[in-house]
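Below, each value reflects all heavy atoms present in this structure, side chains not excepted, and no hydrogens, waters or symmetry copies.
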Amino acid sequence: MDVYKRILKLKPRSTTPTDLPVKIYKECAPELATPLCSIINATLSQYLCPVDWKTSFVTPIPKTASPQSLNDLRPVAITPISSLICEDFVFDWAYNKISSFLNIQQFGNIRATSTSHYLVSFLDFIHSHLDKRNTSVAVAFVDFKKASDLVDHTVVINKAINLGLPSHLTAWLADFLTGSRQAVRFQKQTSSYQQLTCGVPQGIKMAPLFPDTD
């Protein structure tokens, strides 16, 4: 039933070359829910992730009207819908286990918070200190360039273990990250696959959680 409900909650999105359209998933939810549930249960119980679920297709989206270099492109990763549904369950279980250990100031990645909450908190901090006599505020901004692209898989797994993530979820997560690969799609053309030794596709459900454990 949970798989069925999550299929119905799917939002319109681009799909991989081997995936079904979201519309088909939702229209055939009663028929697809049971076999998909069996697949998800099998992958989680065996701690093995299907190769297709580790594959993402990156589409370069221009940041400017006339991009002049690769830095002017934003890579958007598309992963299989079945993988996203499975990740949805894993994320919920993992988040419930380790959320109390996460830095509360990770506004962009913690549930019910966003960068807007960060700005409110930051401005409140500044104004509350400037209201005091003979007080000044010095601010240093540090930009961790391409943080999601440089996440070390070994560090993620070690942090998950140290935070007390259940062993079966840690084992599945390790297999999910091991052997992941991606290809670039542009104007209906697809490049060869590239193995990923670090980083996580920004389009996956688990992505917000990985940097938090670093």
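V58 and W53 are members of different hydrophobic clusters when ILVMFWY side chains are connected at heavy-atom separations under 4.5 Å. Note on L84 and F57: separate hydrophobic clusters, where clusters join Ile, Leu, Val, Met, Phe, Trp and Tyr whose side-chain heavy atoms are under 4.5 Å apart, directly or indirectly. With hydrophobic clusters built from ILVMFWY side chains whose heavy atoms lie under 4.5 angstrom apart, Y118 shares a cluster with V139.
Among residues at least two apart or in separate chains, there is no side-chain hydrogen bond (donor to acceptor under 3.5 Å, both in side chains) pair with a member in residues 132-142. For residues 160-172, no residue pair satisfies the salt bridge (charged side-chain N to carboxylate O under 4.0 Å, His left out) rule, not counting sequence neighbours.
In this structure, the side chains of K54 and D175 come closer than 4.5 Å at one or more pairs of heavy atoms. R6 is listed as a side-chain neighbour of F89, based on a closest heavy-atom distance under 4.5 Å. With a 4.5 Å cut-off on side-chain heavy atoms, Q182 and P75 do not count as touching. Residues L173 and V90 fail the side-chain proximity criterion, which asks for heavy atoms closer than 4.5 Å. At least one side-chain heavy atom of R13 sits under 4.5 Å from a side-chain heavy atom of I81. For the pair D152 and C198, the minimum side-chain heavy-atom distance is 4.5 Å or more. Side-chain contact between K159 and V156 is absent, with no heavy atoms from C-beta onward closer than 4.5 Å.
With rounding to the nearest 0.5 angstrom, the CG atom of L20 is 14.5 Å from the NZ atom of K26. Here CG of L163 is found 11.0 Å from CG of N158. Values are rounded to the nearest 0.5 Å. To the nearest 0.5 angstrom, L10 atom CG is 15.0 Å from K23 atom NZ. The CZ atom of F176 lies 13.0 Å from the CG atom of L169; values are rounded to the nearest 0.5 Å. Interatomic distance, I78 CD1 to R185 CZ, rounded to the nearest 0.5 Å: 9.0 Å.
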Side-chain atoms of residues 33-52: list all donor-acceptor pairs with protein atoms under 3.5 Å, sequence neighbours left out, distances to 0.1 Å.
residue: S38; atom: OG; partner: T34; partner atom: O; Å: 3.2
residue: N41; atom: ND2; partner: C37; partner atom: O; Å: 3.3
residue: T43; atom: OG1; partner: L48; partner atom: O; Å: 2.1
residue: T43; atom: OG1; partner: W172; partner atom: NE1; Å: 3.1
residue: S45; atom: OG; partner: N41; partner atom: O; Å: 2.9
residue: S45; atom: OG; partner: A42; partner atom: O; Å: 3.1

Using a 3.5 Å cut-off and no angle test, enumerate the donor-acceptor pairs between side-chain atoms of residues 119-131 and protein atoms at least two apart in sequence or in another chain.
residue: S128; atom: OG; partner: D124; partner atom: O; Å: 2.8
residue: S128; atom: OG; partner: F125; partner atom: O; Å: 2.9
residue: H129; atom: ND1; partner: F125; partner atom: O; Å: 2.8

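Taking the side-chain hydrogen bond (donor to acceptor under 3.5 Å, both in side chains) definition, one finds that T15 meets it with nothing, sequence neighbours left out. Checked against salt bridge (Lys or Arg N to Asp or Glu O under 4.0 Å), D19 has no partners two or more places apart in sequence or in another chain. Residues satisfying the side chain to side chain contact (heavy atoms under 4.5 Å, CB included) criterion with T197, sequence neighbours excluded, are absent altogether. Judged as a side-chain hydrogen bond (donor to acceptor under 3.5 Å, both in side chains), and not counting sequence neighbours, H168 has no contacts. Judged as a side chain to side chain contact (heavy atoms under 4.5 Å, CB included), and not counting sequence neighbours, the contacts of P62 are P67, L73. For D72, the salt bridge (Lys or Arg N to Asp or Glu O under 4.0 Å) test picks out no residue, with sequence neighbours left out. Every residue meeting the side chain to side chain contact (heavy atoms under 4.5 Å, CB included) condition with S191, not counting sequence neighbours, appears here in chain and number order: A183, V184. Every residue two or more places apart in sequence or in another chain that forms a side chain to side chain contact (heavy atoms under 4.5 Å, CB included) with A29 is listed here: Y4, I7, L8.
Judged purely by atom type and a 3.5 angstrom limit, Q68 uses its side chain to pair as donor or acceptor with the backbone of S66.
Nearest heavy atoms, T16 versus P80: CG2-N, 3.6 Å.
Under the 4.0 Å criterion applied to side-chain N and carboxylate O atoms, K9 and D88 are not assigned as salt-bridge partners.
For the 3.5 Å distance criterion, the side chains of T55 and R181 qualify, holding a donor opposite an acceptor.
Within a 6.0 Å sphere centred on CD1 of I61, heavy atoms belonging to other residues, nucleotides or ligands number more than 12.
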